[in-house]
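Written below as structure tokens is the structure these notes are about.
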Amino acid sequence: MSEKKKVIVANEFPTGNATGRVVRAFGNLLQVKFEGAVRQGEVAMVVVDDIKLKAEVIEIVGNEVKMQVFEDTRGIKLGSEVEFTGDLLEAELGPGLLTMVTDGLQNPLEEVANASGFFLTRGVYINAINREKHWDYIPVANVDDVVVRGDTIGTAPEGHFTHAIMVPFIRYGKYTITWTIEAGTYTVDTVVAKAVDEEGTEYEFTMVQRWPVKMALQHGEKVKADEMMETGCRIIDTQFPVLKGGTFCTPGPFGAGKTVLQHHLAKFSDVDIVVVVACGERAGEVVEIIREYPHLIDTHTGESLMNRTVIICNTSSMPVAARESSIYMGSTIAEYYRQMGLNVLVLADSTSRWAQALREMSGRLEEIPGEEAFPAYLASRIAAFYERSGVIQLANGKKGALTIGGAVSPAGGNFEEPVTQATLSVVGAFLGLSRSRSDSRRYPAIDPLMSWTKYIGDVAKQLDKDAEGWGKMVNRAMKILREGDEIEKRMEVVGEEGTALEDLQLYLKAEMYDFSYLQQNSFDEEDAYTPTKRQIPLFKLINEIFETDFIFETHNEARHFFLMLQNDIKNMNYFPVEADDHKTIMNKIQTTIKEAKKRQ
């Protein structure tokens, strides 16, 4: 049996045993009467004139199936022929995935545009991985080696990564290598190794393999995440940190800055690979990424940011049914790179659009609706998506981590709606964006009073060696913010003059922390990205201010003092750490604190 599969291009598809005819159509939902063997999730091709449209079996009842079509169903009629491929909806995995921009079915959009023009036509399906490009292959496995799924049989450089060519994950059992190709330059379809299983059946392995996107790709022991994912965003790294292998969500109303925040995370997160899944969002946002990323420099590698990025693009103008496949496609590609021991970040924008696609299809299937007409299984689908994250301990001693972050777009900013609530029940960190903060230009608009994280204890253990008592300092800062908010609400009633100086000082400390630390200027080269090594001394300084009881005679004196203090800290953020101006301001603030402590 050969591992090498027939290349599927344009309208050439493998045909399974089953065939069928359309008996009913409702939008992109087709009911097909079939003959032969069909399985749940199988891919089928609907014949319309001289083109074939890809569809997926989502329900089987007797000798009829219900299928969702991933294309415009114009032209499909009663009796239209359907060919079942025998394959599930699969991702093509191998060298060449990085820097790619594909749709939800993994068609490379640039190649599709070259084949059909600027207006993409139906029925054009192209291999995700370039079959003509040559790769420098170096064999690792030797003849007579016994290997299992996921073991490395060779390597090929992909950018600055060493891409591991692994035994296909669909191959269970043990295999004995009988032949390996010599080191050289080959295409991905070249047979690079041959092996026999325990029954003596021979298999051929190439550089490319496939995996069903709706099945989690995980081979190895899942272990507890314990390493912080540095983002360069102070409010996240300090107040609401995320672990590599963890999960987080960024719900917020329209215009609150979810997309900008996700762009920041894609640019600066301390991971090896970023998979951006644009699921039902506006095309303009994806165009911005495609235009900017090739020209932006990755702060961690010094290379183009695009070299570590994969973009799955299924915008609001594309077929609704493909939104679901884009979510799973992005997860599968990320899981594949995790199996090489790499740290991967998946950013899905937005899971609300995916949920809307599920609701639309559920309605056409006439299923019993849940809250707000979403399907009753919405929560389990969302949980299954986030559960694909985690840290995997590989057999070779390496660890690979997959972190998943999903944007949620609740209508009217209502966090009580089903998608947000289902997401909050499974994620490890909640970075809630608020309309009030975005309206007052406090960016990033993550509201510290409603956001939370389950990872602060793990991060505190990691950072304790550089900042003893980090967890206590974070909790103190949160306490100051909450008390400052309560005082502000009282001040709205009694006014500033009716507020005790002690309470006013607490309020001004909270405002200083928010203004000079939690807020960042993405247009400033220095302030846009703040690594942890720079955050630690600044956060220590602010905690010194929190601990110091300053003595003031009047309310105006207190307000003037803290206004000058927060401006000094804000200005310090715009200078490099090694700059003289930065050192001068830091010394000035530390001197002020020392003098205040002497007067206590």
Side-chain angles (χ1 to χ4, degrees), residues 228 231 233-243 248 415 424 428-434 436-437 440 442-464 466-494 496 498-520 530 532 535-552 555 558-559 561-563 565-566 569-570 573 589-590 592-593 596-597 600:
M228 173 184 170
T231 66
C233 182
R234 291 190 293 265
I235 189 171
I236 297 177
D237 292 346
T238 299
Q239 209 67 56
F240 309 106
V242 177
L243 295 180
F248 65 95
F415 289 176
L424 291 180
F430 164 51
L431 310 177
L433 287 80
S434 71
S436 60
R437 285 185 70 84
S440 58
R442 300 190 177 208
Y443 292 115
I446 298 171
D447 194 329
L449 298 177
M450 68 178 177
S451 301
W452 49 259
T453 180
K454 299 176 182 177
Y455 304 128
I456 191 65
D458 295 296
V459 172
K461 291 178 184 177
Q462 180 183 339
L463 296 182
D464 261 352
D466 297 316
E468 189 177 351
W470 179 265
K472 292 181 179 179
M473 288 192 290
V474 172
N475 291 333
R476 181 188 296 119
M478 178 54 69
K479 182 182 178 183
I480 293 284
L481 285 172
R482 294 194 182 282
E483 291 177 349
D485 180 64
E486 292 175 3
I487 294 169
E488 182 182 19
K489 290 175 181 176
R490 292 204 303 268
M491 286 170 58
E492 291 175 356
V493 178
V494 301
E496 183 178 303
T499 305
L501 262 174
E502 182 182 350
D503 288 344
L504 179 64
Q505 184 176 159
L506 196 60
Y507 163 73
L508 292 173
K509 285 180 179 179
E511 279 291 291
M512 175 210 66
Y513 177 52
D514 189 351
F515 179 80
S516 59
Y517 191 87
L518 300 184
Q519 296 176 44
Q520 281 179 253
T530 308
T532 306
Q535 292 182 38
I536 289 174
L538 181 58
F539 191 57
K540 283 182 176 179
L541 178 69
I542 287 179
N543 266 270
E544 279 192 68
I545 297 172
F546 288 161
E547 293 174 341
T548 305
D549 291 326
F550 298 94
I551 299 174
F552 304 107
H555 290 65
R559 181 172 289 280
F561 174 83
F562 279 101
L563 183 63
L565 190 62
Q566 73 180 25
I569 298 175
K570 192 73 172 178
N573 293 335
I589 296 172
Q590 288 175 338
T592 303
I593 295 172
K597 286 182 177 179
Q600 287 181 3

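Between the side chains of T238 and Y517, at least one donor-acceptor pair of N or O atoms lies under 3.5 Å.
Remark: E502 CD is loosely packed, at most 12 non-hydrogen atoms of other residues, nucleotides or ligands lying under 6.0 Å away.
Using a 4.0 Å cut-off between charged side-chain N and carboxylate O, E511 and R442 make a salt bridge. Looking at K540 and D466, no side-chain N of the basic residue comes within less than 4.0 Å of a carboxylate O on the acidic one, giving no salt bridge.
Side-chain atoms of I545 and F550, non-hydrogen and from C-beta on, do get closer than 4.5 Å to each other. Contact annotation: the side chain of V493 never approaches that of K489 to less than 4.5 Å [non-hydrogen atoms, C-beta and beyond]. In this structure the side chain of L243 reaches within 4.5 angstrom of the side chain of V459, judged on heavy atoms. Contact check for I593 versus L541: side-chain heavy atoms found under the 4.5 Å cut-off. Between R234 and L518, the closest side-chain pair of non-hydrogen atoms is not below 4.5 Å. A 4.5 Å side-chain heavy-atom check between L504 and F562 finds every atom pair outside the cut-off. You'll find the side chain of F546 stays beyond 4.5 Å of the side chain of K479, heavy atoms only. Contact check for M512 versus I542: side-chain heavy atoms found under the 4.5 Å cut-off.
Remark: the backbone N or O of M228 is paired with a side-chain donor or acceptor of Q462 at under 3.5 angstrom. Counting only distance, with no hydrogens or angles, the side chain of T453 and the backbone of P241 share a donor-acceptor pair below 3.5 Å. In this structure, Q520 contributes its side chain and P444 its backbone to no donor-acceptor pair below 3.5 Å. Of the possible polar contacts, one joining the N573 side chain to the S516 backbone as a donor-acceptor pair under 3.5 Å is found. N543 contributes a side-chain N or O that, together with a main-chain N or O of F539, makes up a donor-acceptor pair within less than 3.5 Å. Judged by distance alone, with hydrogens and angles left aside, the side-chain atoms of D514 form no donor-acceptor pair with the main-chain N or O of Q519 at under 3.5 Å. Judged purely by atom type and a 3.5 angstrom limit, D447 has no side-chain atom pairing as donor or acceptor with the backbone of G432.
In this structure, F561 and F552 have tilted ring planes: the angle between them lies in the 30° to 60° band.
From L508, atom CG reaches atom CD of Q566 across 8.5 Å, with rounding to the nearest 0.5 Å. In this structure, OH in Y507 is found 15.0 Å from CD in E483, a value given to the nearest 0.5 Å.
The two residues M450 and W452 come nearest to each other via the heavy atoms O-CD1, 3.7 Å.
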(Q) Could you walk me through whether V242 and T231 satisfy the side-chain contact (heavy atoms from CB on, under 4.5 Å) test, starting with their C-alpha distance in whole Å, then the side-chain angles of each, then the deciding distance to 0.1 Å, before giving a yes or no? (A) CA-CA 9 Å; V242 177; T231 66; 5.8 Å; no
Q.
Does F240 form a ring-ring contact (aromatic ring centres under 6.0 Å, His included) with F248? I'd like the steps, not just the answer.
A. CA-CA 10 Å; F240 309 106; F248 65 95; over 10 Å; no
